[in-house]
Amino acid sequence: MLRIVLLVFVVVAIIFLAPRLFSGARAAAPGPGSSAPEFSLPSQEGASVSLKDYRGSWVVLYFYPKDQTPGCTREAHNFQVDQSKYAAHHAVVLGVSLDSVDSHKKFCTKEGLNFKLLADTDGKVSKAYGSLTNFGVVKFAARHTFLIDPSGKVAKAYTSVDPARHNEEVLAALDQMQRR
């Protein structure tokens with residue numbers, strides 16, 4: 001009898017608590033054709049970086065969960081290796097996570113990254129882009145990328161990203177869009 005009471009209690013707790021823990025787990029991501037949400041965030045150098053600073057250029061805005069983790073390191077290395085290709089496309093790569101400026105600085109130094117990583121410590125920008133994952137106590141940026149055109153519109157949104165191949169997908173999309 002005690003087992004049944006405990007089981008009922010656990011089921012009721014799950015029914016009432018689970019929605020609260022996962023509520024707002026993710027807002028809708030801006031889709032192609034919509035205006036990219038504006039932001040200003042500090043980079044690993046401590047300087048404020050705003051989306052409007054890059055008006056007239058293509059922006060690869062990628063969100064990632066955590067500095068110095070295997071998938072995030074691989075994705076960052078792939079973007080780093082092809083910086084000259086992004087420059088040829090008049091594109092800039094900006095990485096965003098909930099990590100601090102100090103964490104980004106250490107990550108860039110350790111991994112030899114020379115593009116900007118932005119510290120979204122309060123998660124507001126990640127939320128505006130539908131990339132904030134909230135598991136109650138633990139919050140992190142989901143692995144999403146937004147290709148933003150020179151006028152500030154979302155040209156393409158990636159909400160399912162394989163860090164090993166993603167860089168190639170983004171470069172191919174830039175090639176295709178700039179040929180039009």
Side-chain angles (χ1 to χ4, degrees), residues 26-67 69 71-101 103-104 107-108 111 113-133 139-178:
R26 201 166 293 151
S34 64
S35 291
E38 289 292 335
F39 61 83
S40 287
L41 293 171
S43 73
Q44 72 269 22
E45 295 132 0
S48 183
V49 173
S50 298
L51 181 59
K52 66 183 175 188
D53 297 340
Y54 297 100
R55 198 71 75 205
S57 297
W58 287 85
V59 176
V60 177
L61 184 66
Y62 85 97
F63 292 83
Y64 65 98
K66 189 91 178 116
D67 289 343
T69 57
C72 298
T73 299
R74 182 176 208 172
E75 186 174 26
H77 274 270
N78 289 343
F79 281 125
Q80 179 62 46
V81 166
D82 286 330
Q83 283 299 296
S84 62
K85 292 179 184 177
Y86 286 104
H89 284 291
H90 305 288
V92 62
V93 175
L94 302 173
V96 179
S97 79
L98 274 60
D99 291 316
S100 68
V101 168
S103 177
H104 287 336
F107 186 39
C108 288
E111 302 301 334
L113 306 176
N114 65 10
F115 58 89
K116 295 188 185 324
L117 296 183
L118 309 179
D120 183 23
T121 55
D122 63 7
K124 288 181 181 175
V125 175
S126 296
K127 186 174 184 178
Y129 279 86
S131 299
L132 183 64
T133 300
K139 294 180 183 181
F140 59 90
R143 199 179 302 281
H144 292 168
T145 299
F146 298 88
L147 187 53
I148 301 169
D149 73 18
S151 70
K153 301 271 187 203
V154 175
K156 190 162 181 77
Y158 299 88
T159 56
S160 179
V161 172
D162 175 354
R165 302 186 338 247
H166 185 54
N167 179 55
E168 295 164 7
E169 291 175 310
V170 173
L171 284 169
L174 273 169
D175 276 339
Q176 182 183 23
M177 289 178 193
Q178 291 180 352

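In this view, Asp82 and Lys85 satisfy the salt bridge (charged side-chain N to carboxylate O under 4.0 Å, His left out) rule, not counting sequence neighbours. Listed by chain and number, the residues in a side-chain hydrogen bond (donor to acceptor under 3.5 Å, both in side chains) with Lys124 amount to none (sequence neighbours excluded). In this structure, the side chain to side chain contact (heavy atoms under 4.5 Å, CB included) partners of Ser151, at least two apart in sequence or on a different chain, are Asp149, Lys153. For Thr69, there are no side-chain hydrogen bond (donor to acceptor under 3.5 Å, both in side chains) partners at least two apart in sequence or on another chain. Qualifying ring pair (Phe, Tyr, Trp, His ring centres under 6.0 Å) partners for Tyr62, counting only residues two or more places apart in sequence or in other chains: Tyr64, Phe79. Here Glu45 pairs with Ser43, Lys116 under the side chain to side chain contact (heavy atoms under 4.5 Å, CB included) rule; sequence neighbours left out. With sequence neighbours excluded, the residues that form a ring pair (Phe, Tyr, Trp, His ring centres under 6.0 Å) with His166 are Tyr158. Take Pro30 and apply the side chain to side chain contact (heavy atoms under 4.5 Å, CB included) test, not counting sequence neighbours, and it matches Ser34, Pro37, Tyr129, Phe146, Val154. Applying the side-chain hydrogen bond (donor to acceptor under 3.5 Å, both in side chains) rule to His90 yields no partners; only residues at least two apart in sequence or on another chain are considered. Not counting sequence neighbours, Asp175 has no partner by the salt bridge (charged side-chain N to carboxylate O under 4.0 Å, His left out) test. Remark: Asn78 pairs with Arg74, Asn167 by the side chain to side chain contact (heavy atoms under 4.5 Å, CB included) rule, at least two apart or across chains.
A side-chain contact (heavy atoms from CB on, under 4.5 Å) with Asp67 is found for one member of Cys108, Cys72, Ser100, Ser103 and no other, namely Ser103.
Closest heavy-atom contact between Ser126 and Ala141: OG-CB, 3.9 Å. The two atoms that bring Pro32 and Lys156 nearest to each other are CG-CA, 4.3 Å, heavy atoms only.
For the atom pair CG of Asp120 and OG of Ser131, the computed distance is 9.5 Å after rounding to the nearest 0.5 Å. In this structure, the separation between CD on Glu75 and CG on Asp162 is 9.0 Å, given to the nearest 0.5 Å. In this structure, Asp122 CG and Leu41 CG are separated by 8.0 Å, a value rounded to the nearest 0.5 Å. Distance check: His104 NE2 to Leu113 CG gives 11.0 Å after rounding to the nearest 0.5 Å. Note: Phe115 CZ to Gln44 CD = 8.5 Å, rounded to the nearest 0.5 Å. Of the inter-residue distances, the one linking Lys127 atom NZ with Lys139 atom NZ reads 8.0 Å to the nearest 0.5 angstrom.
Contact of the Lys66 side chain with the Ser97 side chain is not registered, since no non-hydrogen atoms from C-beta on lie closer than 4.5 Å. Side-chain atoms of Glu169 and Thr145, non-hydrogen and from C-beta on, never get closer than 4.5 Å to each other. Within the 4.5 Å cutoff, no side-chain heavy atoms of Glu111 are placed close to those of Gln80. Side-chain contact between Leu98 and Leu132 is present, with at least one heavy-atom pair separated by less than 4.5 Å.
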Return a table of donor-acceptor pairs under 3.5 angstrom between the side chains of residues 46-57 and protein atoms on other chains or two or more places apart.
residue : atom : partner : partner atom : Å
Ser50   : OG   : Ser40   : OG           : 2.3
Asp53   : OD2  : Ser50   : N            : 2.9
Arg55   : NH2  : Glu38   : OE2          : 2.7

Run the side chain to side chain contact (heavy atoms under 4.5 Å, CB included) check on Val96 and Phe39 step by step: do they pass?
CA-CA 11 Å; Val96 179; Phe39 61 83; 5.6 Å; no
Leu147/Val60 under side chain to side chain contact (heavy atoms under 4.5 Å, CB included): CA gap, chis, key distance, verdict:
CA-CA 5 Å; Leu147 187 53; Val60 177; 3.9 Å; yes
